[in-house]
Amino acid sequence: MRFDNHRVVITAAGRDFGRTLAIRLADLGAEVFLSARSLDAAERVRDEIRDRGHQRVHAFTCDLTDPASIRDFASSVARHTDRVDVLINNGSRYLEGPDLLSATDADVVDTIASGATGTVLTVKNFLPLLLNSDKPDVVTMVSACGTSGHHRSDAHDAFYAAKSAQAGFTEILSKRLRPQGVRVISLYPPDFDNADPLNEEWETTLRDSKDALTAHSLVECILFAVTQPRDCFIKAFHFEQV
């Protein structure tokens, strides 16, 4: 499975699962456009990837709570390429605390803005580049917290609200963009183990039925979905929680 002809945009790729996605997709040959709220963080991941011999990687700053920053990110990518094949909405601030009163108003606003508004505006601003592709896919890392009735996370209510907003947005977007050939794929994972893809634990972390979901398996779900024939619209991946 190679991605040499794919140009992929990943938000919040300066650490954690976004970094994992950027490294794995670059290893498979994709040209990667990665962003982080801090340019230093994005450039660190870019340099890690270039040290592995992959030169087609670009780093940008993007604050998903700031509409102007999202527009600048999309404009900057457009100066490098005339199309985007895969947009991965990975960015969304996590906020912990099952007590509604435990978070400040600013934390609530930041959490909902990054996950909900940020996702909508990112797709909106990258849609022209996606429509220039003959294989456009929008992939969104939602969360089990975006599933109706889910209650097993210690995430704050604001995080649940942001993820529910993402779920509603991707649901309608899938139907409205299908006539234009854009597939909209959402993942709803519970908490998962995110082993470092540059460490041997990436291959040795247990992936049996009794084990927690791994980032390795999530990456493989994304790769599977975007490599299917264009008549195959996999709308969502839902996962059992251990």
Side-chain angles (χ1 to χ4, degrees), residues 1-37 39 41-62 64 70 72-92 118-119 121-142 170 173 177 180-187 194 197-198 215-228 230 232-234 237:
M1 184 186 301
R2 295 289 301 175
F3 283 78
D4 301 277
N5 295 320
H6 280 75
R7 298 174 185 176
V8 182
V9 169
I10 307 170
T11 63
R15 59 187 176 87
D16 298 335
F17 189 60
R19 170 179 173 269
T20 295
L21 283 169
I23 291 170
R24 294 298 299 135
L25 284 161
D27 281 350
L28 293 171
E31 182 171 5
V32 176
F33 302 86
L34 63 92
S35 75
R37 182 174 284 193
L39 183 59
E43 289 178 339
R44 278 197 300 272
V45 177
R46 179 200 63 191
D47 293 344
E48 285 184 298
I49 292 171
R50 288 182 175 175
D51 287 345
R52 295 171 65 77
H54 311 302
Q55 299 306 308
R56 297 194 309 151
V57 55
H58 317 271
F60 305 89
T61 182
C62 181
L64 292 171
I70 297 171
D72 289 345
F73 176 34
S75 297
S76 296
V77 171
R79 287 194 286 272
H80 289 268
T81 179
D82 62 351
R83 76 170 201 274
V84 167
D85 302 305
V86 183
L87 168 63
I88 302 180
N89 293 306
N90 173 68
S92 179
T119 298
L121 291 180
T122 299
V123 176
K124 176 178 181 289
N125 281 277
F126 277 99
L127 187 56
L129 289 174
L130 285 161
L131 293 176
N132 285 340
S133 170
D134 60 359
K135 47 184 180 293
D137 289 315
V138 175
V139 178
T140 303
M141 292 297 298
V142 184
T170 56
L173 197 69
L177 290 185
Q180 298 174 78
V182 181
R183 299 186 300 198
V184 179
I185 304 157
S186 300
L187 285 82
N194 186 36
L198 302 184
H216 198 151
S217 293
L218 286 173
V219 171
E220 290 185 355
C221 286
I222 293 172
L223 300 181
F224 173 79
V226 301
T227 54
Q228 293 308 297
R230 298 307 298 182
C232 181
F233 280 65
I234 299 174
F237 288 91

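Treat the numbers as computed from the prediction; the structure is a model and nothing was measured.
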Are [X] and [Y] packed together at the side-chain level, in the sense that at least one heavy-atom pair is separated by less than 4.5 angstrom?
X	Y	answer
Phe237	Ile222	no
Val123	Val184	no
Asp82	Arg7	yes
Asp85	Val8	no
His58	Ser35	no
Asp137	Arg230	yes

| Do you know which of Val84, Ile10, Thr81 makes side-chain contact (heavy atoms from CB on, under 4.5 Å) with Phe33? |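 Of the listed residues Val84, Ile10, Thr81, the side-chain contact (heavy atoms from CB on, under 4.5 Å) partner of Phe33 is Thr81.
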| Of the options Ile185, Ile88, Leu25, which is the one that meets Val226 in a side-chain contact (heavy atoms from CB on, under 4.5 Å)? |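 The option that passes is Ile185.
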Atom [atom1] in [X], atom [atom2] in [Y]: separation rounded to 0.5 Å?
X	Y	atom1	atom2	value
Ile70	Leu121	CD1	CG	4.5 Å
Gln55	Arg50	CD	CZ	6.0 Å
Glu48	Leu198	CD	CG	5.5 Å
Arg19	Leu34	CZ	CG	11.5 Å
Lys124	Thr119	NZ	OG1	14.5 Å
Arg15	Thr20	CZ	OG1	11.5 Å

Any sub-3.5 Å donor-acceptor pair from [X]'s side-chain atoms to [Y]'s backbone N or O?
X	Y	answer
Arg56	Gly29	yes
Arg183	Cys232	yes
Asn90	Ala12	yes

| field | Over all atoms of both residues, closest heavy-atom pair of Ala22 and Ala13 | value |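 Residues Ala22 and Ala13, closest heavy atoms: CB-CB, 4.5 Å.
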| field | Closest contact, heavy atoms only, Gly14 versus Val45 | value |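 Reported closest heavy-atom pair: O-CG2, 3.6 Å.
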| query | Is a salt bridge present between Asp27 and Arg24, judged by a nitrogen-to-oxygen distance below 4.0 Å? | reply |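 A salt bridge is present here (some side-chain N lies under 4.0 Å from a carboxylate O).
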| Run the side-chain contact (heavy atoms from CB on, under 4.5 Å) check on Val32 and His54 step by step: do they pass? | CA-CA 10 Å; Val32 176; His54 311 302; over 6 Å; no
| Residue pair Thr170 / Thr140, side-chain donor-acceptor N/O under 3.5 Å |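 The answer is no; no qualifying pair exists.
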| Set of ring-ring contact (aromatic ring centres under 6.0 Å, His included) partners for Phe73, sequence neighbours left out |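 Applying ring-ring contact (aromatic ring centres under 6.0 Å, His included) to Phe73 gives Phe60, Phe126.
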